[in-house]
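What follows is a single structure, written as structure tokens, with notes after it.
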Number of protein chains: 2
Amino acid sequence: MISIKDIAKKAGVSISTVSYALNGNPKVTEETRMRILKIAQELNYVPNAAARTLKNRVSKIIGVYLNDFSGAFYGEVLQGMKEVLNKRGYDLIVCSGSYSHRWLPQRMIDGAIVLDHSFASEELLHLAGNGHKVVVLDRELNHPNVNQVLLDNKAGASLAVEFLIDKGHRKLYVVSGPKGSYDSRQRMQAVKQTVERHPEVECIEIEGNFDKESGEEAAKRIVAEYKEPAAVFCLNDEMAIGVYNTVMKANYRIGEHIHLIGFDNIELTQYTQPRLATIDYSKRKWGTLASEQVLKLIAGEEVEHERIYVTLVEGESVGRG
Amino acid sequence: MISIKDIAKKAGVSISTVSYALNGNPKVTEETRMRILKIAQELNYVPNAAARTLKNRVSKIIGVYLNDFSGAFYGEVLQGMKEVLNKRGYDLIVCSGSYSHRWLPQRMIDGAIVLDHSFASEELLHLAGNGHKVVVLDRELNHPNVNQVLLDNKAGASLAVEFLIDKGHRKLYVVSGPKGSYDSRQRMQAVKQTVERHPEVECIEIEGNFDKESGEEAAKRIVAEYKEPAAVFCLNDEMAIGVYNTVMKANYRIGEHIHLIGFDNIELTQYTQPRLATIDYSKRKWGTLASEQVLKLIAGEEVEHERIYVTLVEGESVGRG
DNA sequence: TTGTACGCGTTATCAT
DNA sequence: ATGATAACGCGTACAA
């Protein structure tokens, strides 16, 4: 491996001169600087990241933690993060699994963005307590070194429920997410609050866990109980897709017998026929905001928690009731 | 930040004793060892990754390069990679964008897995020339430090075309991928070879670029030219979905007027009604093999290029012609 | 422009 | 048999 020592030898100068030259320090003349840069080029010099990080105590890398790599949903969020970080001279690495949790205390990354429910809040608080900077996208966590960028789950769930009620539906199934999910809890709370304001509405909760299979399970029950048209609010789109397929297979029509709305506006919803109604929000914005917040934390700036606003996407999957 | 120095001070021993103790070196008695471990625990000691990497010259991290984070398709591949790597004491980071290319020469990662067409082959050869270990999943590249784990594109494309011909179709559209894509070129070559063996088949090539939009474009043309039932082979599923939607919108039926097959068996294909025929392969296997190969390269073992086999998934999107 | 201490963990060498 | 001293890896930045 080529080090500044090799360059120094070849250029006939000291290593400090090389370091200054490479870092554009005005302590060296433009002339020797060019000479050294040329030699570095010739030798294919690349600074050793470990040595630099060791000295500088920063890596200029931000890690984002996902519970798994299944991604479909995260692509845009990550893209948004990367854009901002690269612009500010930082790199992004995507991590998954508890092994990689050590990268923050090991100082391999300068900050973390967490969208991984399996990353324990106590662990995060502990890290924050040791001065590490964390942005959470999937929970509420209060600590000076932790910032939140959360979806406006309550608004979204209210929008969805009110849309169904406005369309005239009075029998409403709600398929929840997993117990541990903050997003699911928030959405469910808002559902209950909204329904309470409409005593004429019957609301039946079915437990799900955000994956397609649980949507299918829920749909089986709904189909089995079918007597008259009903509305279904799945707390995410993936489950809605599961419901969608199962209902279709049972020869009921979406938007006619079963009225369906999801949450997230994942790409897949565009492909369904009739189009799935859902709750949308800018995934890119979510990513860019998260990045900006983590950089602010690192810079020691004062930061307020942020919220991502949501909108209703109407679709033919919900008809008049 | 807590370092071994702090532990040494607290334990009243030297830093080397601490290091030996932490690394289980028999040079220290079990007794002092336990004492030191306890203190390390108390102080929340975490070794500094940079210092360790600097000394050891290995990071025990493998980087996988993706052209973007859109992921839907990569999830399983990444999961497979992670499984193998974690089992072998390595970590995985997911990278995207040319900034992160430097991590290999900077020795931040011990090896790279490339599934990113925008990562230039010359750059990879150059890295390999400098002793870096690379596994490519998206091109042919011959160098002792580079290993290939490629899809059996030709078999897949032949399977698809033969399936269409067997079903009695004689008019065949093929929607290609982007010019630069190795997978697309391979698949297209196999299409041509297969069609040549069937002079009664008319084959029309439409240029695409692997995204949904280009499938839609292709479908517009196919619909405009429609006179009699035709078969369409999209060189990936995403484009097939684009074709699917556009054909449906034009009120032609998939599997009746337009017979459609894709490639990749992405999750989405399961949701289409009728089910999209496609070419399947184990994405997990692709990931595990890639990881195994990169570890073998690092270990200095002799490795042969690997191939991922493919199978045909029939679907109602292709009917009798 | 250069010598050198420093950041932190590893390990060979020397001393007890 | 135990454990301490010191050199090393590489880049940075202060003092000279």
Side-chain angles (χ1 to χ4, degrees), chain A residues 1-37 39-40 43-61 89 102-110 130-131, chain B residues 1-37 39-40 43-61 89 102-110 130-131:
Chain A
M1 208 63 313
I2 302 295
S3 76
I4 52 171
K5 205 186 281 180
D6 302 295
I7 301 176
K9 201 180 295 171
K10 188 145 186 172
V13 296
S14 74
I15 58 161
S16 37
T17 305
V18 174
S19 179
Y20 287 133
L22 293 174
N23 290 317
N25 189 308
K27 281 153 126 4
V28 293
T29 58
E30 197 57 25
E31 197 193 322
T32 47
R33 174 128 172 290
M34 292 319 261
R35 197 162 56 86
I36 288 169
L37 284 177
I39 292 174
L43 295 177
N44 280 314
Y45 169 75
V46 182
N48 180 306
R52 186 174 272 176
T53 300
L54 180 57
K55 180 66 184 177
N56 292 345
R57 334 222 9 150
V58 297
S59 63
K60 294 284 218 169
I61 298 173
R102 58 182 166 189
W103 288 339
L104 203 47
Q106 281 184 344
R107 319 223 74 151
M108 216 192 82
I109 57 178
D110 295 345
N130 283 323
Chain B
M1 208 65 306
I2 302 294
S3 75
I4 50 171
K5 205 187 282 179
D6 302 295
I7 301 176
K9 200 180 296 171
K10 189 146 188 173
V13 297
S14 75
I15 57 164
S16 49
T17 304
V18 174
S19 180
Y20 288 133
L22 293 174
N23 292 316
N25 189 307
K27 281 156 102 50
V28 294
T29 54
E30 198 56 24
E31 195 192 324
T32 48
R33 173 128 172 289
M34 291 319 262
R35 197 163 55 86
I36 288 169
L37 284 176
I39 294 174
L43 296 176
N44 280 314
Y45 168 75
V46 182
N48 180 305
R52 184 173 275 176
T53 300
L54 180 58
K55 180 67 184 177
N56 292 345
R57 334 225 4 150
V58 297
S59 63
K60 296 285 221 169
I61 298 172
R102 58 184 163 180
W103 288 339
L104 203 45
Q106 281 184 346
R107 317 223 79 153
M108 217 192 81
I109 56 178
D110 296 344
N130 283 322

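Quick caveat: nothing in here was measured; it's all calculated off a predicted structure. We name chains A, B, ... by the order of the sequence lines, and we start the count at 1 in each one.
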### Task
Kindly state which residues belonging to residues 23-31 of chain B come within less than 4.0 angstrom of DNA chain D, counting heavy atoms of the residue only, listed by number.
Lys27(B), Val28(B), Thr29(B)
### Summary
Sorted by chain and residue number, the side-chain hydrogen bond (donor to acceptor under 3.5 Å, both in side chains) partners of Arg33(A) (sequence neighbours excluded) come out as Glu30(A)
### Summary
So CE of Met1(B) and CD of Gln106(A): to nearest 0.5 Å the spacing works out to 11.0 Å
### Query
Got a second to check how far Asn48(B)'s CG is from Ile4(B)'s CD1, nearest 0.5 Å?
10.5 Å
### Message
Just to be sure I understand the geometry, which residues of residues 48-57 of chain B put a non-hydrogen atom under 4.0 Å away from DNA chain C?
### Response
Asn48(B), Ala51(B), Arg52(B), Lys55(B), Asn56(B)
Only pairs under 3.5 Å count here: list side-chain donor-acceptor contacts from residues 49-56 of chain B, not counting sequence neighbours, and write none if there are none.
residue	atom	partner	partner atom	Å
Thr53(B)	OG1	Ala49(B)	O	2.9

### Query
Do you see a donor-acceptor pair shorter than 3.5 Å between the side chains of Ser19(B) and Ser16(B)?
no
### Task
Give me the first and last nucleotide of DNA chain D, going 5' to 3', that has any atom under 4.0 Å from a heavy atom of chain B.
dT2(D) to dC10(D)
### Query
So what does Ser19(A) hit on the nucleic acid, given a heavy-atom distance under 4.0 Å: a base, only sugar-phosphate, or nothing?
base
### Query
Quick one: on DNA chain C, does Met1(B) or Tyr20(A) contact a more 5' nucleotide (nearest heavy atom)?
Tyr20(A)
### Task
Using the closest heavy atom to pick a nucleotide of DNA chain D for each, name whichever of Leu22(A) or Ser16(B) lands nearer the 5' end.
Ser16(B)
### Query
Could you state the interatomic distance from CG (Leu37(B)) to OG1 (Thr32(B)), rounded to the nearest 0.5 Å?
9.5 Å
### Task
Could you tell me whether the side chain of Ile2(A) reaches within less than 4.5 Å of the side chain of Asn44(A), counting heavy atoms only?
no
### Query
Any idea which heavy atoms bring Thr17(A) and Ile36(A) closest together, and the distance?
CG2-CD1, 3.9 Å
## Note on the structure
d(Asp110(B) CG, Met108(B) CE) to nearest 0.5 Å is 10.0 Å
### Task
Could you tell me which non-hydrogen atom of Lys10(A) sits nearest to which non-hydrogen atom of Leu43(A), and how far apart they are?
NZ-CD2, 4.1 Å
### Message
Between Arg102(A) (side chain only) and Val46(B) (backbone N and O only), is there a donor and an acceptor less than 3.5 Å apart?
### Response
no
## Note on the structure
Counted 5' to 3', the first and last nucleotides of DNA chain C within 4.0 Å (strictly under) of a heavy-atom of chain B are dC8(C) to dT13(C)
### Query
At their closest point, which heavy atom of Val28(A) faces which heavy atom of Ala21(A), and how far apart are they?
CG2-CA, 3.8 Å
### Message
I'd like to know whether Ile61(B) forms a side-chain contact (heavy atoms from CB on, under 4.5 Å) with Trp103(A), so could you lay out the CA-CA distance, the side-chain angles of the two residues, the decisive distance to 0.1 Å, and finally the verdict.
### Response
CA-CA 11 Å; Ile61(B) 298 172; Trp103(A) 288 339; 3.8 Å; yes
